[in-house]
Amino acid sequence: MRSLVPVLTIVAGIIGFWLLAVIPMNMHLVADQAQRDGVEVTPSTPAERQELSGIALSFANPDLIPATYSFKRPRLPSPQQVAVEMYDTIIDKRITSKRSLVYHGWVTLAPTLLGFAIGTGMGVLLAVGIVYSRVMDRSVMPWAIVSQTIPILALAPMIIVVLGSMGVQGLFPKSIIAAYLSFFPVVVGMVKGLRSPDAMQLDLLRTYNASKSQGFWSLRLPASTPYLFASLKIGISASLVGTIVAELPTGARAGFGARMLVGDQYGQPLVSWAALFAAALTAAGLVALFGLIERFTLRRMGMQAA
Amino acid sequence: MMMVIAAFIVWALGWWVNVRLANGAASDNTAIKILIPAIFGLTVLVVWELLVRALEINPVILPAPSSVIERLATAGPILWADFRQTILKGALSGYVIGAFAAFGVAVIADRSDFLTRGILPVGSFMAALPIVGTAPIFVKWLGSDWESKAAVVAVMVFFPILVNTVAGLKDTTGMQRDLMRTYGAGYWGSLFKLRLPAAMPFIFNGLKIGTTLALIGAIVAEFFGSPTVGMGFRISTSFGQLALDLVWAEIFVAAVAGSAFYGLMTLIEKRITFWHPSQR
């Protein structure tokens, strides 16, 4: 709570900067439009205006400034335009409508969640294998780490097309990418977590004559929970980014990625911006959700959330 | 059929050798530690090659490693041009711009406790958002050449580096800062002599996260428009021509470049933060 005021200040600063930037970014377009509507603009020819920067042009035509905030096809939409567009497409539209962002959001969210579940499950299993098998640790773990440095995301569109050519379409191809991206953070985090009990705790279990599985269920697994949640929070946002990128250049017709592309191609920047912000909100919501679950779980387990 | 059986034998053999090596007496040797994953990687490649040939998998779906290697050898000039466009021009310049910007903002924010407390949550929040989605916007603003890719990369790497630097600059104890004060060090003196060095492990953490993001940003941004050169451009067009071996060759280059970039950062980190417990 102590940081609420500073955070709000920073956010206000960012929005303030955005509001200021709208004027010079859109000035050239607005000036051109105003001239076509018969309004006096200084300087009077488009060529002369191109010479000037957006800022200089704004000073030359202060009366045009309000128009930069309500321009139909802005280079940089104003915050209120984005907010109105989001309100229109999220709350005002029926969620079954093809123009509703809730509909597109679900198209993106469903493969994200499915993929995330698959990736997390596989990641935990592989982590258990790595912790208990020396061979797997030595042979797979280095590749798991190297694979983190590879821009896997660049593969996403390709995987979609390859699977499409094999007749696999719809939810599943996107889920694979989401799964892949959440897989490695979970593996790395879980290995670290399962190894986090120290020698003294392991020795204690040995004095209790605990079996291997008892050691796993009552010591290693609980000890790994904080690490697992840290990985889950990274994994879920990576999954969402993966799904969005998978939608981008593959001709997807629905989903956040498709909306960004449609807005870009048909000259409707507001559509792109609304989709971008909706995607950001979704990511933030998912991370916050896992943060809440983390706090609740760790408190129930008697640990402090990090 | 023979080759499928051969693939299984190769797999079993590789695994058996690794089991022997990993459970053997010398398993903690550095050479063995490198050998085991190398054998694993090699087995995967051989099994891949054998299975692709045995099952006659269409090269449009999955090309054999040998044809990718062939492509790597023959398509050298194309790969080099793409590498220069995407990685040297787009990713690297964006990375440098983003890193310096983040660094500058962190040092400014560090002067006030109020700003630090505001920037840390906002920054880590922004770092989790799908920033790569801004690519079409930047391509529209800055044109399709490398400048727009550099901008996407700069924004993507900005937040992780910012958050880590701000957190790192806080990572000194009151006693250390008091000591600097007794030495008569002013703000800048203690910044350069104490707090920046202490922040280095954090800063490198951010820089290392940024290396992967930089490559992703530069390649993905090229899907939205690029001159007729670049790795993202090549990947998407080679696809249209079903030249999957070239796509895989590009991915191989990206993987090597990504690992090298990460490795370089780790190396610099080792030289600079040699004093840190994790390096000793």
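Given the structure is predicted, the values throughout are model-derived calculations rather than measurements. We name chains A, B, ... by the order of the sequence lines, and we start the count at 1 in each one.
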Q) Does the side chain of I137(B) reach to within under 4.5 Å of the side chain of W273(A), using non-hydrogen atoms? A) yes
Q) Side chain, backbone, both or neither: which part of F114(B) has an atom under 4.5 Å from a heavy atom of chain A? A) both
Q | Interface moiety of S259(B) toward chain A, non-hydrogen atoms closer than 4.5 Å | A | both
(Q) Between A214(B), A260(B), P136(B), A257(B), who has the most heavy-atom pairs with chain A when the cutoff is under 4.5 Å? (A) P136(B)
Q) Pick one: which of T282(A), T108(A), V241(A) meets side chain to side chain contact (heavy atoms under 4.5 Å, CB included) with P130(B)? A) V241(A)
Q.
I'd like to check I119(B) versus V7(A) (side-chain heavy atoms, cut-off strictly below 4.5 Å). Are they in contact?
A. no
Q. Side chain, backbone, both or neither: which part of M141(A) has a heavy atom under 4.5 Å from chain B?
A. neither
Q | Shortest non-hydrogen separation from A283(A) to L129(B) and the atoms involved | A | CB-CD2, 4.2 Å
(Q) What's the separation between atom OG1 in T9(A) and atom CZ in R117(B), rounded to the nearest 0.5 Å? (A) 10.0 Å
Q) With only heavy atoms counted, which part of L281(A) is less than 4.5 Å from chain B, the side chain, the backbone, both or neither? A) neither
Q) Does a sphere of radius 6.0 Å around CH2 in W143(A) hold more than 12 heavy atoms from other residues, nucleotides or ligands, not counting ones at 6.0 Å or beyond? A) no
**Q.** F172(A), CZ: over 12 other non-hydrogen atoms inside 6.0 angstrom
**A.** no
Q: Check R75(A) against W141(B) and note the closest heavy-atom contact, atom names and distance.
A: O-NE1, 2.9 Å
(Q) Less than 4.5 Å to any heavy atom of chain A: does that hold for the side chain of L213(B), its backbone, both, or neither? (A) neither
Q: Answer yes or no: is there a side-chain heavy-atom contact under 4.5 Å between V245(A) and I216(B)?
A: no
(Q) Return the CD1 to CD1 distance between I234(A) and I209(B), rounded to the nearest 0.5 Å. (A) 7.5 Å
Q. Chain B: which of A238(A), G13(A), S237(A), S133(A) shares the most heavy-atom pairs with it under 4.5 Å?
A. S237(A)
Q) Where on S112(B) is there a heavy atom nearer than 4.5 Å to chain A: the side chain, the backbone, both, or neither? A) neither
(Q) Can you tell me if K140(B) has over 12 outside heavy atoms packed within less than 6.0 Å of its NZ? (A) yes
(Q) Under the criterion side chain to side chain contact (heavy atoms under 4.5 Å, CB included), I'd like the reasoning laid out for V287(A) against F125(B): C-alpha separation, chi angles, the key distance, then a yes or no. (A) CA-CA 9 Å; V287(A) 174; F125(B) 172 75; over 6 Å; no
**Q.** Interchain contact, P121(B) with chain A, by part (heavy-atom threshold 4.5 Å)
**A.** side chain
Q.
Among G217(B), A38(B), G263(B), G133(B), which residue has the highest count of heavy-atom pairs closer than 4.5 Å to chain A?
A. G133(B)
